[in-house]
Trainee: 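Here it is, the structure, as structure tokens.
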Protein chains: 2
Amino acid sequence: MNIGEAARRSGLSAKMIRHYEAEGLLTARRLANGYRDYAEADIAVLRFIRHARALAFPLEDVRRLLALWRDRHRASADVRRIALDHVAALEAKAEAMQAMARSLRHLAAHCHGDARPDCPILDELEKLP
Amino acid sequence: MNIGEAARRSGLSAKMIRHYEAEGLLTARRLANGYRDYAEADIAVLRFIRHARALAFPLEDVRRLLALWRDRHRASADVRRIALDHVAALEAKAEAMQAMARSLRHLAAHCHGDARPDCPILDELEKLP
DNA sequence: CCTTGACCTTCCCATAATGGGAATCCCCAT
DNA sequence: ATGGGGATTCCCATTATGGGAAGGTCAAGG
């Protein structure tokens, strides 16, 4: 199967499939003409990657998750730790963003938002510690 | 004032100050020897940038906010719109991240997390749509 | 006068993940 | 044989930040 069809079947772009290969997440067989050739098992790998990326796992984590996925003797504890570490990172970033959003929303609530120039948002950006 | 002292006074790194200048956020006077020379007003600008960046405004937004800040005839509505658009972006990203975190936490809760290999996290990554 | 150390300058590279695009090659159908 | 659609590789851009090299500058001290 061509990379184009593999892309359609996996939901990834051909560009990204090549990228993941360059990053060592999979290795595609090559035909005599140099074209990559994908089997069903490869599609499963590509879909796995897509799902992991949809959950924002960094490629480094995806690499480890794939290794565990392929390893029948893995310990589920290892998978769980990767996932929970990632959850913690996601939540930390999300909380940081919401704190910024709250702060800005608060400032915006006190801003007239009309033609007048005075603006607590600019005041705050000017004065903060 | 040297870039080193400007860095100390503004809380930015010298590297970033040069970068912001390259990005057109400010223009520093030069001494005869080529060194950048900063006045008090420049420090205020640099601190403004730092505060805006601390709220995760992208440099493009910082550029616009600075322009409004310098414009005494600005309309506070313009500032407010930039801020609220940014708030919306922050909240959207934060919500997306928390949705992923919730989803993963849920999966992790059903994972034994011991030496056994079976793991709903991997199952889900394998099976998702 | 010369050295040393602490600055400063510019330029290149790297990060993470993705996409755009060029130049070139391949295959199949007309 | 020719054209269209795909494939290949390689380079570049994105965002914000930092590392580091090579070289210029300045002030203090021997």
Side-chain angles (χ1 to χ4, degrees), chain A residues 1-39 42 46 48-66 82 85-86 89-90 92-93 96-97 100, chain B residues 1-39 42 46 48-66 82 85-86 89-90 92-93 96-97 100:
Chain A
M1 174 188 340
N2 267 350
I3 197 173
E5 199 185 337
R8 262 170 260 124
R9 298 271 310 275
S10 66
L12 294 168
S13 69
K15 208 96 190 212
M16 280 300 100
I17 295 178
R18 290 191 196 100
H19 180 60
Y20 296 146
E21 181 178 344
E23 290 296 312
L25 271 64
L26 44 18
T27 42
R29 241 170 17 104
R30 298 297 184 119
L31 298 176
N33 59 13
Y35 284 21
R36 289 171 180 81
D37 184 43
Y38 298 91
D42 297 318
L46 291 172
F48 184 99
I49 296 174
R50 178 166 68 83
H51 300 150
R53 285 294 305 139
L55 290 169
F57 279 104
L59 285 197
E60 194 48 48
D61 284 8
V62 179
R63 190 194 317 277
R64 290 189 212 118
L65 289 171
L66 268 175
I82 293 175
D85 285 357
H86 179 49
L90 283 173
K93 271 191 207 167
M97 284 189 193
M100 297 186 264
Chain B
M1 179 185 341
N2 266 351
I3 198 173
E5 198 184 339
R8 262 169 259 124
R9 298 270 310 275
S10 65
L12 294 169
S13 69
K15 207 97 189 212
M16 279 302 99
I17 296 178
R18 291 191 196 98
H19 179 60
Y20 295 145
E21 181 178 344
E23 291 297 312
L25 272 64
L26 44 18
T27 41
R29 246 174 6 110
R30 298 297 184 121
L31 298 177
N33 60 13
Y35 285 21
R36 289 171 178 82
D37 184 43
Y38 297 91
D42 297 318
L46 292 172
F48 183 99
I49 296 174
R50 178 166 68 84
H51 300 150
R53 284 295 303 140
L55 290 169
F57 279 105
L59 283 197
E60 194 48 50
D61 284 7
V62 179
R63 190 194 317 276
R64 290 189 213 120
L65 289 170
L66 267 175
I82 293 175
D85 286 356
H86 179 49
L90 284 173
K93 271 190 205 167
M97 284 189 192
M100 298 188 262

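Only this structure's heavy atoms are used, side chains among them; waters, hydrogens and symmetry mates stay out.
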Trainee: Quick check for you: to the nearest 0.5 Å, what is the distance between B/Asp42 atom CG and B/Arg36 atom CZ?
Mentor: 12.0 Å
Trainee: Whether A/Glu21 and A/Arg30 form a salt bridge (side-chain N of Lys/Arg under 4.0 Å from carboxylate O of Asp/Glu) is what I want to check.
Mentor: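 Counted as a salt bridge, because a side-chain N and a carboxylate O are separated by less than 4.0 Å.
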Trainee: Check whether any side-chain N or O of B/Asp37 sits under 3.5 Å from a backbone N or O of B/Met1 as a donor-acceptor pair, and report yes or no.
Mentor: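 Yes, because the side chain of B/Asp37 sits within donor-acceptor range (under 3.5 Å) of the backbone of B/Met1.
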Trainee: Whole-Å distance between D/dT15 P and B/His86 NE2?
Mentor: 15 Å
Trainee: How far does CD of B/Glu60 sit from CD1 of B/Ile82, to the nearest 0.5 angstrom?
Mentor: 9.5 Å
Trainee: Verify, without hydrogens or angle tests, whether B/Arg53 (side chain) and B/Val62 (backbone) share a donor-acceptor contact under 3.5 angstrom.
Mentor: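 Checking the backbone N and O of B/Val62 against the side chain of B/Arg53, no donor-acceptor pair under 3.5 Å is found.
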Trainee: Find which nucleotide of DNA chain C each of A/Asn33 and A/His19 is nearest to by heavy atoms, and output the residue with the more 5' nucleotide.
Mentor: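 Nearest nucleotide further toward 5': that of A/His19.
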Trainee: Nearest whole Å is fine: how far is D/dT9 C1' from A/Lys15 NZ?
Mentor: 10 Å
Trainee: Given atom CG of B/Leu12 and atom P of D/dA16, what is their separation to the nearest angstrom?
Mentor: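 So the two atoms are 14 Å apart, to the nearest Å.
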Trainee: Quick one: CG on A/Leu25 to CE on A/Met16, what's the gap to the nearest 0.5 Å?
Mentor: 11.5 Å
Trainee: Whole angstrom is fine here: how far is it from CZ in A/Arg8 over to C1' in D/dG6?
Mentor: 10 Å
Trainee: Rounded to whole Å, how long is the line connecting atom NZ of B/Lys93 with atom P of D/dT15?
Mentor: 11 Å
Trainee: CD1 of B/Ile49 versus P of D/dA16: gap in Å, rounded?
Mentor: 12 Å
Trainee: Would you mind reading off the distance between B/Ile17 atom CD1 and D/dT17 atom P, rounded to a whole angstrom?
Mentor: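 Spelled out: CD1 on B/Ile17 to P on D/dT17 is 12 Å.
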Trainee: Mind checking if A/Arg36 touches a base, just sugar-phosphate, or nothing, with heavy atoms under 4.0 Å?
Mentor: sugar-phosphate
Trainee: At what angle, to 10 degrees, do the two end axes of the helix from C/dC1-D/dG30 to C/dT30-D/dA1 meet, given five pairs define each axis?
Mentor: 50°
Trainee: Are B/Ile3 and B/Tyr35 close enough that some pair of their side-chain heavy atoms sits under 4.5 Å apart?
Mentor: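 Result no, sub-4.5 Å side-chain heavy-atom pair not found.
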Trainee: What are the 5'-most and 3'-most nucleotides of DNA chain C lying under 4.0 Å from any heavy atom of chain A?
Mentor: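 In short, chain A contacts DNA chain C from C/dA17 to C/dC27.
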Trainee: Rounded to whole angstrom units, what separation is found between the CG atom of A/Leu31 and the C1' atom of D/dA7?
Mentor: 11 Å
Trainee: To the nearest 0.5 Å, what is the distance between CZ (A/Phe57) and NE2 (A/His51)?
Mentor: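 Those atoms lie 13.0 Å apart.
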Trainee: Please figure out whether A/Arg53 or B/Tyr38 has its closest DNA chain C nucleotide nearer the 5' end.
Mentor: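 The residue mapped nearer the 5' terminus is B/Tyr38.
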Trainee: For the OG atom of A/Ser13 and the OH atom of A/Tyr20, what is their distance to the nearest 0.5 Å?
Mentor: 7.5 Å
Trainee: For A/Ala14 and for B/Ser13, find the nucleotide of DNA chain D with the closest heavy atom, then tell me which residue's nucleotide is more 5'.
Mentor: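 This one resolves to A/Ala14.
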